[in-house]
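Note sheet for the following structure.
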2 protein chains.
Amino acid sequence: MMPISVAPMPAAAPPQREAVRHGSVNCSSCAMRNVCMPCGMSEEDFARLDELILTSRKVRRGEVLYRTGDPFQSIYAIKAGSFKTVVTLRDGREQITGFHIVGEPLGMDGICNEQHTCDAIALEDSVLCIIPFRVLESLCRELRPMQRHVHRLMSGEIIRESGLMMLLGSMCAEERVSAFLLNISQRLQARRFSGTEFNLRMTREEMGSFLGLKLETVSRMLSKFQKEKLIDVQGKLIRILDADGLRRV
Amino acid sequence: MMPISVAPMPAAAPPQREAVRHGSVNCSSCAMRNVCMPCGMSEEDFARLDELILTSRKVRRGEVLYRTGDPFQSIYAIKAGSFKTVVTLRDGREQITGFHIVGEPLGMDGICNEQHTCDAIALEDSVLCIIPFRVLESLCRELRPMQRHVHRLMSGEIIRESGLMMLLGSMCAEERVSAFLLNISQRLQARRFSGTEFNLRMTREEMGSFLGLKLETVSRMLSKFQKEKLIDVQGKLIRILDADGLRRV
DNA sequence: CGCTGGATTGACTTGCGTCAACATACGTGG
DNA sequence: CCACGTATGTTGACGCAAGTCAATCCAGCG
């Protein structure tokens with residue numbers, strides 16, 4: 001795996017495979033601005049921001065963004081594509097702790113110990129904004145809306161995970177799969193994508209790992225929902241036919 | 001186990017039911033100062049802190065500190081005692097998402113939406129420091145070590161939960177119970193309590209809810225570990241006889 | 001066009017849940 | 001301080017949801 005280059009390159013720098021810096025990477029004109037940035041910021045504040053968040057990075061499908069133990073330097077905002085985060089036990093067993101889609105933050109696990117506690121791997125070719133955390137911290141001390149936004153992002157992650165614990169701790173296989181589909185649907189919708197028809201970027205095995213189920217069980221539940229006319233499944237393409245029915249499962 | 005008295009009561013202070021404010025509640029002289037506060041703060045910084053964090057609160061066993069939906073105003077530091085946090089599903093099923101002991105923070109789930117997303121209930125008579133979040137935010141914008149500390153606390157919570165997901169998603173009953181015991185042991189030890197002999201404040205059912213198991217299963221696993229001479233169980237009193245053995249489970 | 005990784009489906013197994021009986025600890029009021 | 005009633009905890013017998021194993025199907029890609 002490549003180390004992540006974060007520091008802005010001087011103007012004369014040759015083109016790089018990894019992090020790139022150019023004028024088009026800025027927040028004030030980003031399509032994701034509203035999902036990514038706090039409201040209550042003036043144009044002036046945005047100008048400040050553009051000076052600080054300078055690099056973006058492409059990650060190809062299957063490529064590792066960061067690994068457990070990597071020194072923590074930046075958090076990331078997913079501009080395009082999607083990722084999975086994976087935790088590994090000593091004995092080699094691994095579990096996916098999250099799928100992360102466009103507009104969502106990534107990497108906040110690293111803040112606590114200055115190093116990452118999971119692996120982040122692209123599920124498809126993706127693009128990220130790299131936000132150097134030290135810079136972000138300074139910014140938070142100057143701009144109150146930014147401070148609040150960062151706190152919300154972190155707290156949001158805490159809530160997301162406790163919802164997951166609920167799922168893993170007290171739902172049966174059928175409920176887990178339906179909750180998963182509804183969750184993906186709702187997050188896509190929040191990002192103005194279709195919430196009724198979407199492509200799952202992960203395999204059945206990855207879904208299973210995330211949901212605490214075996215891939216066969218995931219597959220059986222999807223077939224079951226299809227038989228019940230709640231969804232339409234064509235491999236990775238899912239169409240939700242009866243969201244309420246799914247919710248009632 | 002005796003409740004741990006942390007702040008001395010001034011002789012003349014009238015007894016209070018809820019939040020109390022008096023000079024003796026301060027961070028610079030608190031026994032938990034090192035677990036609770038960032039290092040790198042000057043005595044001067046601590047003096048600032050003492051002005052801002054003014055109140056403590058007693059909560060009796062079984063009493064609710066905050067409930068799902070309550071407006072979020074403060075985070076808490078547990079000075080003495082312990083708490084459980086509980087998430088409830090629409091249909092009434094509930095799951096315990098955490099046990100929180102002396103020296104640990106509580107309430108950060110509320111930051112995201114300005115309201116709490118779980119119930120926090122005392123497992124025994126407990127004492128908390130109340131830290132008004134708006135005040136803490138200001139403080140973070142002024143004191144860099146404090147800012148970093150708060151970020152670490154939040155990130156620590158994210159990591160804690162992803163460990164839990166690992167447990168719930170990929171461990172069998174036996175492993176869950178042993179991981180739980182080792183985790184409690186390690187946290188007590190970090191707070192300078194005995195890590196080899198301790199009183200569980202929660203019931204088997206509560207343990208089960210947390211671990212995604214039924215109370216009977218928890219009980220069976222504890223009996224099994226006792227038979228294997230890994231632990232000694234006397235109701236809620238646990239003595240760890242062979243921590244390495246437990247780790248190997 | 002055939003190979004490979006992923007998905008589906010069926011048959012069988014098993015770990016944990018369920019139900020039930022009994023034991024023990026705990027708190028409250030006499 | 002004791003007695004009783006209720007909470008909580010333990011243990012056993014049995015059932016079922018999900019795991020395991022295996023055969024087959026399918027799609028994407030070189």
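Model, not experiment: these values are computed from the prediction. Side-chain atoms are counted along with the backbone in the values below, which use heavy atoms only and exclude waters and symmetry mates.
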Pairs touching residues 198-220 of chain A that satisfy ring-ring contact (aromatic ring centres under 6.0 Å, His included), sequence neighbours left out: A/Phe99-A/Phe210, A/Phe180-A/Phe210
Summary of protein contacts for nucleotides 16-30 of chain D, nucleotide by nucleotide, where a base hit scores B, a sugar-phosphate-only hit scores S (4.0 Å, heavy atoms): --SSBB---------
Phosphate contact (D/dT11 OP1 or OP2) by B/Ser223 side-chain N/O below 4.0 Å: yes
Atom-pair distance (NZ on B/Lys224; C1' on D/dG12), nearest Å: 17 Å
Tabulated below should be each protein N or O lying under 3.5 Å from an N or O of nucleotides 25-27 of chain C; please produce it.
none

Distance-only polar pair, side chains of A/Thr85 and A/Thr97, donor-acceptor under 3.5 Å: yes
Listed once per pair and sorted, the salt bridge (charged side-chain N to carboxylate O under 4.0 Å, His left out) pairs that draw on residues 98-107 of chain B, sequence neighbours left out: B/Glu104-B/Arg187, B/Glu104-B/Arg191
Salt bridge flag under 4.0 Å for residues B/Arg61 and B/Glu124: no
Lys/Arg-Asp/Glu bridge criterion (N-O < 4.0 Å) met for A/Lys224, A/Glu228: yes
N-glycosidic conformation, D/dA7 - syn within 90 degrees of 0, else anti: syn
Pairs satisfying salt bridge (charged side-chain N to carboxylate O under 4.0 Å, His left out), at least one member in residues 204-214 of chain A, at least two apart: A/Lys84-A/Glu206
Sugar-phosphate, base or nothing in reach of A/Lys236, heavy atoms under 4.0 Å: sugar-phosphate
Between C1' of C/dA7 and CD1 of A/Ile238, the distance in whole Å: 12 Å
Pairing residues for A/Asp125 by the salt bridge (charged side-chain N to carboxylate O under 4.0 Å, His left out) criterion, not counting sequence neighbours: A/Arg60
Global bending angle along the helix from C/dC1-D/dG30 to C/dA23-D/dT8, which compares the axes of five pairs at either end, to 10 degrees: 40°
ring-ring contact (aromatic ring centres under 6.0 Å, His included) between B/Tyr66 and B/His116, worked out: CA-CA 7 Å; B/Tyr66 57 77; B/His116 288 287; 3.6 Å; yes
With sequence neighbours excluded, residues passing salt bridge (charged side-chain N to carboxylate O under 4.0 Å, His left out) with B/Arg93: A/Glu175, B/Asp91
Partner set under side-chain contact (heavy atoms from CB on, under 4.5 Å) for B/Ser170, not counting sequence neighbours: A/Gln95, B/Met166
Check against side-chain hydrogen bond (donor to acceptor under 3.5 Å, both in side chains), A/Asp70 and A/Gln115: CA-CA 5 Å; A/Asp70 281 357; A/Gln115 56 179 42; over 6 Å; no
ring-ring contact (aromatic ring centres under 6.0 Å, His included) partners of residues 230-249 of chain A, not counting sequence neighbours, each pair once: none
Length of the line joining B/Leu222:CG and D/dT11:C1', which is rounded to integer Å: 13 Å
Nearest-Å distance for atom pair CG/P, residues B/Leu123 and D/dT8: 12 Å
DNA chain C contacts made by residues 200-207 of chain A, counting heavy atoms under 4.0 Å: A/Thr203, A/Arg204
Salt bridge (charged side-chain N to carboxylate O under 4.0 Å, His left out) against B/Arg67, all qualifying residues, sequence neighbours excluded: none
